[in-house]
Amino acid sequence: DTAVSQTPKYLVTQMGNDKSIKCEQNLGHDTMYWYKQDSKKFLKIMFSYNNKELIINETVPNRFSPKSPDKAHLNLHINSLELGDSAVYFCASSRLAATDTQYFGPGTRLTVL
Amino acid sequence: QKEVEQDPGPLSVPEGAIVSLNCTYSNSAFQYFMWYRQYSRKGPELLMYTYSSGNKEDGRFTAQVDKSSKYISLFIRDSQPSDSATYLCAMSVSPNQFYFGTGTSLTVIP
C-alpha cells in the first residue's frame, strides 16, 4: 500500500507552460511538505503545510503555489515554467512536526525544455 | 556559505568495511539531526534521528553528533552491497524546517 504517492512520475514540458504535481498521503499525517532536489542532489524545502495551513514558505518564486484541498493532499502548481525549474520534486508527510519521521513520495522528475 | 556541508563523494568501499559519513554545519542553533538514505530514483527514507549531542546506535548504524565542533557522523559497520545509496544528512532548529546536505554517494563492492 503506497504511503505517499505523487503524480505524474515524469513531466516534460515547454518553458512558459503551467503545470501541476499532485501528492496524496494515506498515513493520516497532519503535516505535508514539498522539497526540490536539484541536479547536485541538494534537497531543499519549499513549503510545509499543517492541517491545510501554510507554515513554511521558503524563498520560492511566487510562480510556485501549493494547494491543500484537505489534509491528505498537497498539490504543487507551477506557473510560467523556466529552465531552472528542472529538478526532482518530492512530497513528504509527517505526523505533526518534522522531527517525526518524514515519509517521502517517489518524486516527480520535471524537465523544462 | 551553505547551512550544511557534506562531501558528495563518491565513496567506494569493499564489502564488510566500516563506512564513515560526515556533515558539518554553521548554525549553532541546530538541535535536530537526521540521516536519510536515498536509493537511485527513489525518495529519501529516514535512517537515524538524534536530538542534541551524543551517540545513537541502531543495528549496524551509529549516528554521532558533536555540537561543539558542529560535526555529525554516520558509521556503517559490516557494510553490505545493499547499503549502496546516497546518504543525506539533515538538521534543524525548529521541528518543521530541515536543511539537507547534498548527499554522499556510497558504493559497497561485493
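More than 12 heavy atoms of other residues, nucleotides or ligands shown are found within 6.0 angstrom of CZ on A:F104. Within 6.0 Å of the NZ atom in B:K67, the count of heavy atoms belonging to other residues, nucleotides or ligands exceeds 12. A 6.0 Å sphere centred on NZ of A:K67 holds more than 12 heavy atoms belonging to other residues, nucleotides or ligands.
Only the side chain of B:Q38 comes within less than 4.5 Å of a heavy atom in chain A; its backbone stays farther off. Heavy atoms closer than 4.5 Å to chain B are found in the side chain of A:Q37, but not in its backbone.
Of all residues spanning residues 101-110 of chain B, those with a heavy atom less than 4.5 Å away from chain A's heavy atoms are B:G101, B:T102, arranged by number.
Within the 3.5 Å criterion, the main-chain N or O of A:V12 finds no donor-acceptor partner in the side chain of A:T111.
Between A:Y49 and A:W34, the closest side-chain pair of non-hydrogen atoms is not below 4.5 Å.
Heavy-atom pairs under 4.5 Å with chain A peak, among B:F100, B:Y51, B:Y99, at B:F100. Highest contact tally toward chain A, considering only B:G43, B:A90, B:P44, is held by B:P44 [criterion: heavy-atom pairs under 4.5 Å].
A salt bridge is defined here as a Lys NZ or Arg NE, NH1 or NH2 lying under 4.0 Å from an Asp or Glu carboxylate O, and B:E5 with B:K70 fails to meet this definition.
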Could you walk me through whether B:Y25 and B:F33 satisfy the ring-ring contact (aromatic ring centres under 6.0 Å, His included) test, starting with their C-alpha distance in whole Å, then the side-chain angles of each, then the deciding distance to 0.1 Å, before giving a yes or no? CA-CA 11 Å; B:Y25 60 94; B:F33 303 93; 5.5 Å; yes
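When all heavy atoms of B:E15 and B:P81 are compared, the closest pair comes out as CD-CD, 3.7 Å.
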